[in-house]
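Let me begin by presenting the structure, written as structure tokens, before commenting on it.
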Amino acid sequence: MPRTDLHYDLPAALGALLHRDTHYADLFIQPGGLWDQWVNARTRLHDRPA
């Protein structure tokens, strides 16, 4: 999840993890967790002026 350049597969990977193992996925989706950090980093990258 620290790799913000992998935007094309992380949502699908997290979705698959949620489908297979919700207890383990909870480690990623808790408030302020890795998913929130990844989304915030992606948002900051897109908000930069060109």
Side-chain angles (χ1 to χ4, degrees):
M1 299 213 96
R3 299 223 16 220
T4 56
D5 60 323
L6 299 178
H7 59 89
Y8 49 86
D9 59 357
L10 283 176
L14 185 59
L17 181 60
L18 282 165
H19 180 72
R20 298 293 299 165
D21 188 343
T22 57
H23 296 292
Y24 187 67
D26 285 343
L27 298 172
F28 296 97
I29 61 171
Q30 62 186 333
L34 288 175
W35 180 255
D36 281 350
Q37 293 173 29
W38 183 80
V39 168
N40 290 335
R42 294 284 309 153
T43 302
R44 283 191 302 275
L45 287 174
H46 288 292
D47 287 345
R48 288 189 213 170

Item to check | Distance in Å, D36 CG paired with I29 CD1, rounded so as to fall on 0.5 Å steps | outcome: 9.5 Å
Checklist entry - What's the shortest heavy-atom distance between A25 and L18, and which atoms? => result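 So the two residues come closest at CB-CD2, 3.5 Å.
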Item to check | Partner residues of L27 under the side chain to side chain contact (heavy atoms under 4.5 Å, CB included) criterion, sequence neighbours left out | outcome: Y24
